[in-house]
A.B. asks: 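Pasting a structure here, questions to come.
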2 protein chains.
Amino acid sequence: MAVRADGFRLHSFTKEEQWRGPQEERVLTTVISAHPTSRIDHYLRTLKQAGLRITPQRRAICHFLANTNRHPSAYQIFEELAATNPDISRATIYNTLNTLQELGAIVELSFGSDHTHYETNPEPHVNLICLRCQKITDYYGDPGIDMLTARVLADTDFQTAAARIDLVGFCDECRLQRIQEIRDMAKATSDQHKP
Amino acid sequence: MAVRADGFRLHSFTKEEQWRGPQEERVLTTVISAHPTSRIDHYLRTLKQAGLRITPQRRAICHFLANTNRHPSAYQIFEELAATNPDISRATIYNTLNTLQELGAIVELSFGSDHTHYETNPEPHVNLICLRCQKITDYYGDPGIDMLTARVLADTDFQTAAARIDLVGFCDECRLQRIQEIRDMAKATSDQHKP
DNA sequence: CCCATAAGTTGGATTCATTCTAAATTAAAC
DNA sequence: GTTTAATTTAGAATGAATCCAACTTATGGG
C-alpha cells in the first residue's frame with residue numbers, strides 16, 4: 001500500500017470471477033434529502049481541499065454517490081458505473097470510497113453483511129436496522145445531533161465530521177413474524193404428544 | 001451453513017497461520033458502566049430466552065464480554081480465552097458473537113479496520129471515532145436515546161434492541177497534528193523556490 | 001440417574017471482499 | 001507543451017469470516 005506525504009493510502013485489487021452480486025438484496029425505504037447538485041459539489045470540494053485530483057473516475061463515483069439514497073456497497077457502485085464507464089477498475093472504487101470515508105464525506109455502515117455499505121446522505125438521520133430482514137430504514141426525527149456535537153466539542157475537543165446513529169432491533173413486520181414463529185414452534189412441540 | 005428451525009445460523013472456521021494479532025492496537029478510554037454480574041446475566045438470559053443452550057464455551061465468552069470495557073474483536077476474545085480454555089475453537093467464538101449480535105445483546109462496530117469489533121456495553125453512550133488515529137473514546141452525555149427510541153416506536157413500530165451512536169471526526173490531538181502537517185507541507189513547497 | 005437426540009463444538013478446507021504491486025496513464029502546475 | 005507526482009489498472013495475494021462433516025454434549029423425559 002502506497003502511503004503518500006499527506007497520509008492518504010492507495011490500494012487496489014482482485015480476481016474477476018470473485019465479484020458476485022449482493023447475495024441478499026438490501027432494499028430500503030429512504031426519504032429524499034439534500035439536493036444532488038450540492039452533494040456532488042460537497043464531495044468534489046472535499047477532495048480538492050485535501051489536495052487530491054479530480055479525475056473522471058472520481059467524478060463518476062461522486063456523481064453516483066450524490067444521486068443515490070440507498071446505502072450502496074462497493075460492488076453495487078461498480079456494477080452501475082461499469083455500464084457507462086466499462087473500463088473503471090474496482091481498485092479505483094475502493095480507493096475513492098476509502099478516501100472519501102477518511103475525509104469524513106461518507107460514512108461506512110456495516111451490519112453483519114459481507115459487503116461494506118456506505119452512508120452517502122449528509123442529512124442527519126437515524127438508521128433503523130432490522131436484525132432479522134436486515135432492511136435499513138432512514139428515520140428523520142429530531143435526534144438533536146447538532147446539540148450533541150456541540151456539547152462533545154466543548155467537553156472533549158473532538159471535532160465531528162459526520163454522525164451515525166443506528167437503532168438495531170426488529171421492524172414491525174419481523175417482530176410479528178417472530179411472535180408467530182414462536183407460537184408455531186410451541187404448537188409443533190405439543191402436537192408431538194398427540195396421537 | 002446450518003440453518004436451524006429457529007432461524008439461527010451456525011458457522012465455523014479457518015487456517016491456523018492466518019490468525020494475526022491486531023495490526024494496530026486500538027486502545028480506548030472508557031468510563032466504567034453496568035455491573036459485570038448483571039451484564040453476564042443479561043447475556044445468558046438472552047441466550048436462554050431464545051431457547052439456546054448454555055455451554056461452557058458460551059459461558060466463557062459471555063464472561064469475557066461482561067468484563068471488558070474495550071471493543072474486542074473475535075481475535076482478541078479468542079486470544080484471551082485460549083489462555084484458560086486452550087481447546088476453544090475460533091468457529092465457536094464467531095458463532096456465539098453472531099448469535100449475540102442477532103439477538104441484539106451486543107452490537108457490531110466497524111470502522112475501516114480489518115477486524116470487526118463489538119460493542120459489549122449496554123449503557124447508552126456515544127462513540128467518538130477518530131478518522132486519523134482510529135482511537136475510539138466513549139462519551140457519556142445525555143443523547144436522549146430513550147426518548148428517541150420511544151418516538152421511533154410510536155412513529156414506525158420499530159422495536160429497538162440496541163442503539164449505536166458514532167461521531168466520526170478528529171480527536172483533539174490529531175486535529176492539531178493535522179494543522180501542523182498542512183503548515184509543514186506549505187513551508188516545504190515555498191522552500192523549493194528559495195536558492 | 002440414564003438415555004436419546006437435537007444442539008453445539010471443532011479443526012481443516014474454502015470463500016471472497018478487500019488490499020497489494022508494479023507498470024502504464026494522466027491531471028495539473030509551470 | 002513539458003514535467004512529474006498523483007492515479008488508475010489488471011492481476012496476484014491476503015486473511016477474516018464461513019462452510020463442512022464428524023464428533024461431543026446439554027438438556028428434557030422416563
Side-chain angles (χ1 to χ4, degrees), chain A residues 1-6 8-23 47-48 50-61 73-78 85-99 101 108 110 112-117 185 189 192-193, chain B residues 1-6 8-23 47-48 50-61 73-76 78 81-82 85-99 101 108 110 112-117 189 192-193:
Chain A
M1 171 154 60
V3 177
R4 298 171 18 189
D6 59 4
F8 284 100
R9 295 171 295 140
L10 299 176
H11 342 248
S12 325
F13 214 75
T14 262
K15 259 182 243 160
E16 193 76 13
E17 318 74 47
Q18 294 188 346
W19 267 72
R20 303 289 165 69
Q23 290 81 334
L47 289 171
K48 212 159 223 164
L52 303 176
R53 291 180 181 168
I54 306 302
T55 65
Q57 293 88 337
R58 283 183 176 161
R59 200 182 293 277
I61 293 167
S73 64
Y75 170 78
Q76 291 169 337
I77 296 171
F78 170 76
N85 207 338
D87 289 335
I88 197 163
S89 166
R90 297 169 197 86
T92 300
I93 309 274
Y94 279 107
N95 288 341
T96 303
L97 291 176
N98 284 334
T99 300
Q101 140 95 14
E108 191 187 315
S110 300
S113 158
D114 284 340
H115 299 67
T116 295
H117 290 242
M185 278 201 294
T189 308
Q192 291 180 341
H193 298 282
Chain B
M1 171 153 61
V3 178
R4 297 172 20 192
D6 58 3
F8 284 101
R9 294 171 296 142
L10 300 175
H11 342 251
S12 328
F13 209 72
T14 263
K15 259 184 242 159
E16 195 75 14
E17 317 74 48
Q18 295 187 344
W19 268 71
R20 303 288 164 69
Q23 290 83 332
L47 290 171
K48 211 160 224 165
L52 303 176
R53 292 180 181 171
I54 307 302
T55 66
Q57 293 89 338
R58 283 181 176 165
R59 198 182 294 277
I61 292 167
S73 64
Y75 170 78
Q76 291 168 336
F78 171 75
L81 290 186
N85 208 338
D87 289 334
I88 198 164
S89 166
R90 298 171 196 84
T92 300
I93 308 274
Y94 279 107
N95 287 342
T96 303
L97 291 175
N98 283 335
T99 300
Q101 141 95 15
E108 192 187 316
S110 300
S113 159
D114 284 340
H115 298 68
T116 296
H117 290 243
T189 307
Q192 291 179 342
H193 297 279

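These numbers were taken from a predicted model, which means no experiment stands behind them.
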A.B. asks: Write down the distance between CD1 (A:I54) and P (D:dT8), rounded to a whole number of angstrom.
C.D. replies: 10 Å
A.B. asks: For residues A:A60 and A:N85, report the shortest heavy-atom separation together with the two atoms involved.
C.D. replies: CB-ND2, 4.1 Å
A.B. asks: Supply the atom-to-atom distance A:T92 OG1 to A:I77 CD1, rounded to the nearest 0.5 angstrom.
C.D. replies: 12.5 Å
A.B. asks: Give the rounded distance in Å between these two atoms: OH of A:Y94 and P of D:dA10.
C.D. replies: 15 Å
A.B. asks: Does a side-chain N or O from A:S89 land closer than 4.0 Å to OP1 or OP2 of D:dT8, or not?
C.D. replies: no
A.B. asks: When the distance from CZ of B:R59 to C1' of D:dT25 is rounded to whole Å, what number comes out?
C.D. replies: 14 Å
A.B. asks: In whole angstrom, give the distance that lies between atom CZ of B:F78 and atom P of D:dA16.
C.D. replies: 12 Å
A.B. asks: Atom NZ of B:K48 and atom C1' of D:dT27: how far apart are they, to the nearest Å?
C.D. replies: 10 Å
A.B. asks: Phosphate oxygens OP1/OP2 of D:dT8: is one of them under 4.0 Å from a side-chain N or O of A:T55?
C.D. replies: yes
A.B. asks: Would you say A:T92 places a side-chain N or O within less than 4.0 Å of OP1 or OP2 belonging to D:dT9?
C.D. replies: yes
A.B. asks: Which heavy atom of A:F78 sits nearest a heavy atom of A:I88, and at what distance?
C.D. replies: CE1-O, 3.5 Å
A.B. asks: State which of D:dT25, D:dA16, C:dA27 makes the closest approach to the side chain of A:R53.
C.D. replies: C:dA27
A.B. asks: Atom CD1 of A:I88 and atom P of C:dT25: how far apart are they, to the nearest Å?
C.D. replies: 17 Å
A.B. asks: Looking at the side chain of B:P56, which of D:dT9, C:dT10, D:dA26 is the nearest nucleotide?
C.D. replies: D:dA26
A.B. asks: To the nearest 0.5 Å, what is the distance between CD1 (B:I54) and CG (B:L47)?
C.D. replies: 5.0 Å
A.B. asks: Which value, rounded to the nearest 0.5 Å, describes the distance between B:R53 atom CZ and B:K48 atom NZ?
C.D. replies: 12.5 Å
A.B. asks: CG of A:L47 versus P of C:dA28: gap in Å, rounded?
C.D. replies: 11 Å
A.B. asks: Looking at D:dT8, C:dT10, C:dA17, which one has an atom nearest to any side-chain atom of B:N95?
C.D. replies: C:dT10
A.B. asks: Check this one for me: any side-chain N or O of A:Q57 less than 4.0 Å away from OP1 or OP2 of C:dA27?
C.D. replies: no
A.B. asks: Using the side-chain heavy atoms of B:A91, tell me which of these nucleotides is nearest: C:dT10, C:dA6, C:dT26.
C.D. replies: C:dT10
A.B. asks: Write down the distance between CZ (A:R90) and C1' (D:dA13), rounded to a whole number of angstrom.
C.D. replies: 15 Å
